[in-house]
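Presented below is the structure to which this report refers.
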Amino acid sequence: MYMKKNYLNAKKGLPSEVKKTIIIIVVAVVLLLGMYFLTNVILSKDTPEEKVTENAIQYDEILAGESFNQGDEEYYVIYYDSSDEYSTISSLISSYQLNNSDTKLYSVDLANAMNKKYVTDGDIVIDDAGSLRIKANTLLKFENGEVTETIVNINEITNFLNS
């Protein structure tokens, strides 16, 4: 009788505990592989939101202290206050950058805390970066690191940026 039982177990194949263990391992491997491939599909999926970049309308914003040391031979720097809700300077800067690639235009936001020490209510001083004192809505033209032109009239600045 004992022999007959072993013969039947040998004929059936693997013991049930081993079968269960193998099934569990196979199911776990299949689930892990499925999750891996599903994750790859989701992460590699290109959506239109991912392709949109905020740099599409980007102008170069610098700090006021960097005005004199830009690498270009000739460039403009406009000083404006972004907290002025009635000012259209921000949009004019963007449109200038999109339409005029001849001369670089840098912008300095005087609302930025890093630029507060350069803001003045009195006369503007444009001798060098250390003594720079500027008002909002001022456009400076730099040639070889020196100021060659100053425009403080908002209408003239608007005309320049629209040209």
Side-chain angles (χ1 to χ4, degrees), residues 5-119 129-130 132 134-145 151 154-155 157-163:
K5 217 179 210 183
N6 281 340
Y7 176 75
L8 289 176
N9 281 342
K11 198 172 185 182
K12 284 185 183 176
L14 298 173
S16 64
E17 294 87 26
V18 175
K19 279 185 183 179
K20 288 179 185 177
T21 305
I22 291 174
I23 291 173
I24 290 172
I25 291 173
V26 169
V27 168
V29 168
V30 168
L31 285 175
L32 288 174
L33 287 174
M35 290 175 59
Y36 172 77
F37 287 113
L38 183 64
T39 304
N40 275 346
V41 168
I42 290 172
L43 292 178
S44 67
K45 187 177 175 183
D46 289 332
T47 60
E49 290 83 23
E50 291 176 10
K51 292 183 180 180
V52 174
T53 60
E54 292 183 24
N55 294 336
I57 302 176
Q58 176 65 34
Y59 48 89
D60 292 337
E61 188 170 321
I62 61 173
L63 296 174
E66 299 173 341
S67 298
F68 288 84
N69 60 2
Q70 296 305 308
D72 305 310
E73 285 184 30
E74 179 179 285
Y75 58 94
Y76 291 93
V77 178
I78 186 158
Y79 303 85
Y80 73 104
D81 186 352
S82 66
S83 64
D84 182 1
E85 63 186 75
Y86 300 108
S87 177
T88 59
I89 294 293
S90 298
S91 61
L92 291 173
I93 293 169
S94 296
S95 65
Y96 178 88
Q97 282 300 88
L98 288 173
N99 299 324
N100 300 316
S101 60
D102 299 339
T103 306
K104 187 79 171 167
L105 175 68
Y106 296 98
S107 63
V108 175
D109 183 3
L110 297 176
N112 184 335
M114 300 286 287
N115 295 323
K116 290 292 184 186
K117 69 180 183 178
Y118 298 103
V119 178
L132 181 67
I134 206 80
K135 293 180 181 180
N137 301 328
T138 301
L139 178 67
L140 299 180
K141 180 179 182 181
F142 288 83
E143 290 181 15
N144 297 320
I151 303 173
I154 190 66
N155 293 328
I157 293 172
T158 303
N159 289 339
F160 171 79
L161 293 175
N162 282 328
S163 63

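One-based numbering along the sequence shown.
- Heavy atoms of other residues, nucleotides or ligands lying less than 6.0 angstrom from CD of Glu66 number more than 12.
- Using a 4.5 Å heavy-atom threshold, the side chains of Ile134 and Asn115 count as separate.
- Scanning for salt bridge (Lys or Arg N to Asp or Glu O under 4.0 Å) contacts around Lys141 gives Glu74, Glu143, with sequence neighbours left out.
- The shortest side-chain heavy-atom distance between Leu92 and Ile78 does not fall under the 4.5 Å cut-off.
- Residue Ser82 holds its OG atom at 8.0 Å from CG of Asn112, rounded to the nearest 0.5 Å.
- Checked against ring pair (Phe, Tyr, Trp, His ring centres under 6.0 Å), Tyr106 has the following partners two or more places apart in sequence or in another chain: Tyr75.
- Qualifying side-chain hydrogen bond (donor to acceptor under 3.5 Å, both in side chains) partners for Lys20, counting only residues two or more places apart in sequence or in other chains: none.
- Here the CG-OH distance, from Leu139 to Tyr79, works out to 9.5 Å after rounding to the nearest 0.5 Å.
- Of the options Asp109, Thr138, Leu110, a side chain to side chain contact (heavy atoms under 4.5 Å, CB included) to Tyr80 is made by Asp109 and by none of the others.
- We find the CZ-OG1 distance between Phe142 and Thr103 to be 14.0 Å, quoted to the nearest 0.5 Å.
- Residues Ser67 and Val108 come closest through the heavy atom pair OG-CG2, 4.2 Å.
- Note that CG of Leu105 is 11.0 Å distant from CG of Asp72, once rounded to the nearest 0.5 Å.
- Between Asp81 and Val119, every side-chain heavy-atom pair lies at or beyond the 4.5 Å cut-off.
- Rounded to the nearest 0.5 angstrom, Leu63 CG and Tyr118 OH are separated by 8.0 Å.
- The structure places CG of Leu132 at 7.5 Å from CG of Leu140, a figure rounded to the nearest 0.5 Å.
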